[in-house]
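What follows is a set of notes on a single structure, which appears directly below.
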Amino acid sequence: MAVRVRIAPSPTGLLHIGTARTALFNWLFARHEGGEFRLRIENTDTSREVAEAVDQIQDSLRWLGLDWDGPHTFQLDRMDDCRRVADELLAAGKAYEDEGAIRFRMPEEGVTAWDDIVRGRIEYPNEKLEDVVIVRSDGRPTYNFASPMEDVWDGITHVIRGDDHIPNTPKQLNIIRAVGAEIPAYAHVPMIFGMDGKKLSKRHGADAVEEFRDAGYLPETMLNFLALLGWAPDGETTLIGRDELIQRFSLERVSSSPSQFDYQKLDWMNGVYLRELSPEEYAHRLLLWLGENGYDWDAELVTRAAPLVQEKIAKLSEFPGFAGFLFGNVEPDSADLDGGAPMLAAADAALASLEPFEATAIETALRAAADRLGLKPRQAFQPIRVAVTGSKVSPGLFESIELLGRETTLSRLRAAAGGAA
RNA sequence: GCCCCCAUCGACUAGCGGUCCAGGUCGCGGCCCUUUCAAGGCCGUAGCACGGGUUCGAAUCCCGUUGGGGGCACCA
């Protein structure tokens, strides 16, 4: 039988990174097995629904490249089917009315158990199972009823979800059994914590896919990083792309212990992917990011500046900080210019009529000027850098000057010389 | 309180009884390269939570302790 899995987020906000990781595992499993990956919106609780959430969740999934099969479905659309089944359970004495709600009768003794693909056998004493409400007094089904019923109706073969659902599983198992349906396989994957060991949340930094996107991370980074949180193909692989991921993924190798989300390692990995991009692709991503984040910068200049910064940044969002001097005015800190006046004047003289105004020629001219003043490159170039870029940290000085152009360079040199004394 | 789950360097992990005085990656420290910052190269730092078993032999199996997490809603 073909494999069919699903991700079932509730539309209460942005797609949480933990949900995204669970979606990834579902997707990888489906693609590896040649099966289907479905998207189901669990909106049984209308009161908590957020209007934009359904679109945002889909955007995030698409951005990560996690394509789902068929149209997405809404849990609420099966309300009537749930009612019907509830009535049958009522008629069969497997459920009963309680203050207007309908409760499912859980077994009183024995144990409910299943063989979890990642945890192994899990057993629950039935005496601890409460009779859960399956239909609220207003007629709407509850999650613990609707979710397993939908799994049945959708022909879900493997339920892959966060391990916070383990306590729900015996309840759902008994409901599925009561309606005489086949029980899917379960795989409970561990949760993702922040570096303090607590559930990953806002206060750790970004915790939604959309936020990582805005922060300048690449989707291929997120895919790689997330896949390796709780899963590993072997002991060495750290960089792995989507195709190889699909090829090598297996639920059996999913870890049973939770992992912590290390932003530093994420940054490192994003830098790796950023540097791997061709200059054209890199510029393209930069332009895309700038556009999405409110920077209306000249595309051609961005494209020309891109290569200068490719080696230096770990996130696309760092680009404005490094290359901003090309797109706006600069305010050097006079303290950083201390003692630089002679070199600034020398640079001015060396560049005023230099031809051609290109990086290699600029370098030759500036080095010669430094030599004449008896300055080491380190001492000579720093004041120029500060004067021209407004910062002690910048892309390559000579390339930066070429891009900036003679006119702007000279005026910044002169302005700084005035303040340097 | 009750139920369930988890436990290898600071972090992500490999290890499924001997090849492990525990390997890879991030981070961290040092050195090299260098016009700054990165990147890169080299070297280094650091771990099997504890206590009992089982076994010729345990990071690997069993039990307990401790620690962490999750769940106990007419939320999902």
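It should be emphasised that the depicted structure is a prediction, and the values quoted were computed from it without experimental measurement. Just so you know, these numbers use all the heavy atoms, side chains as well, and skip hydrogens, waters and symmetry mates. Here is how names work: the chains are called A, B, and so on, in the same order as the sequence lines, proteins then strands, and each is numbered from 1.
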Original post:
Can you tell if the side chain of A:Phe212 reaches within under 4.5 Å of the side chain of A:Tyr263, non-hydrogen atoms only?
Top reply: yes
**OP:** State the pairing partner of B:U35; accept Watson-Crick or G-U wobble contacts with both distances under 3.5 Å, and report none otherwise.
**Re:** none
**OP:** Determine whether A:Ile176 and A:Pro184 make a side-chain contact, defined as any pair of heavy atoms from C-beta on separated by less than 4.5 Å.
**Re:** yes
Original post:
Counting just side-chain N and O atoms, does A:Arg103 come under 4.0 Å of either OP1 or OP2 of B:C74?
Top reply: yes
Subject >> N/O (side chain, A:Arg367) to phosphate O (OP1/OP2, B:U35) under 4.0 Å >> reply: yes
Original post:
Is it true that atom CG of A:Asn329 has more than 12 heavy atoms of other residues, nucleotides or ligands lying nearer than 6.0 Å?
Top reply: no
Original post:
Is any side-chain N of the basic residue among A:Glu123 and A:Arg121 closer than 4.0 Å to the acidic one's carboxylate O?
Top reply: yes
Original post:
Under 4.0 angstrom, heavy atoms only, what part of the nucleic acid is A:Phe225 near: base, sugar-phosphate, or nothing?
Top reply: nothing
Subject >> base_contact_polar (B:A76 base, A:Asn43 side chain, donor-acceptor, <3.5 Å) >> reply: no
Original post:
Side-chain N or O of A:Arg161 less than 4.0 angstrom from OP1 or OP2 on B:G70?
Top reply: no
Original post:
What nucleic acid atoms does A:Met195 come within less than 4.0 Å of, heavy atoms only: base, sugar-phosphate, or nothing?
Top reply: sugar-phosphate
**OP:** Under 4.0 Å between any heavy atoms, over every strand shown, what does A:Gln379 touch: base, sugar-phosphate, or nothing? Just pick one.
**Re:** nothing
Original post:
Can you find a donor-acceptor N/O pair under 3.5 angstrom joining the side chain of A:Arg378 to the base of B:U35?
Top reply: no
**OP:** Could you check whether A:Phe261 gets within reach of a base, just the sugar-phosphate, or nothing at all, counting any heavy atom under 4.0 Å?
**Re:** nothing
Subject >> Options B:U36, B:C74, B:C26, nucleotide nearest the side-chain atoms of A:Val133 >> reply: B:C74
**OP:** Among B:G15, B:C37, B:A76, find the nucleotide with the atom closest to the side chain of A:Lys312.
**Re:** B:C37
**OP:** For A:Asn168, report the nucleic acid contact type (base, sugar-phosphate, nothing); a contact means any heavy atom under 4.0 Å.
**Re:** base
Original post:
Which nucleotide, B:U35, B:A76, B:C74, lies nearest any side-chain atom of A:His165?
Top reply: B:A76
**OP:** Taking atom NZ of A:Lys202 as the centre, report whether more than 12 heavy atoms of other residues, nucleotides or ligands fall under 6.0 Å from it.
**Re:** yes
**OP:** Once you apply the 3.5 Å cut-off to both distances, tell me the Watson-Crick or G-U wobble partner of B:A11, or none.
**Re:** B:U25
Subject >> Options B:C74, B:A11, B:G27, nucleotide nearest the side-chain atoms of A:Gln260 >> reply: B:A11
Subject >> Pairing partner (Watson-Crick or G-U wobble, both distances under 3.5 angstrom) of B:C72 >> reply: B:G1
Subject >> Presence of A:Arg136 side-chain N/O under 4.0 Å of B:A76 phosphate oxygens OP1/OP2 >> reply: yes
Subject >> Ion pair A:Arg406/A:Glu355, N-O distance below 4.0 Å >> reply: yes
Subject >> B:C5 phosphate, OP1 or OP2, under 4.0 Å from A:Ser256 side-chain N/O >> reply: no
Original post:
Does any donor-acceptor pair link the side chain of A:Lys265 with the base of B:C12 at a separation under 3.5 Å?
Top reply: yes
Original post:
Base, sugar-phosphate, or nothing: which does A:Ser394 touch, judged by heavy atoms less than 4.0 Å apart?
Top reply: base
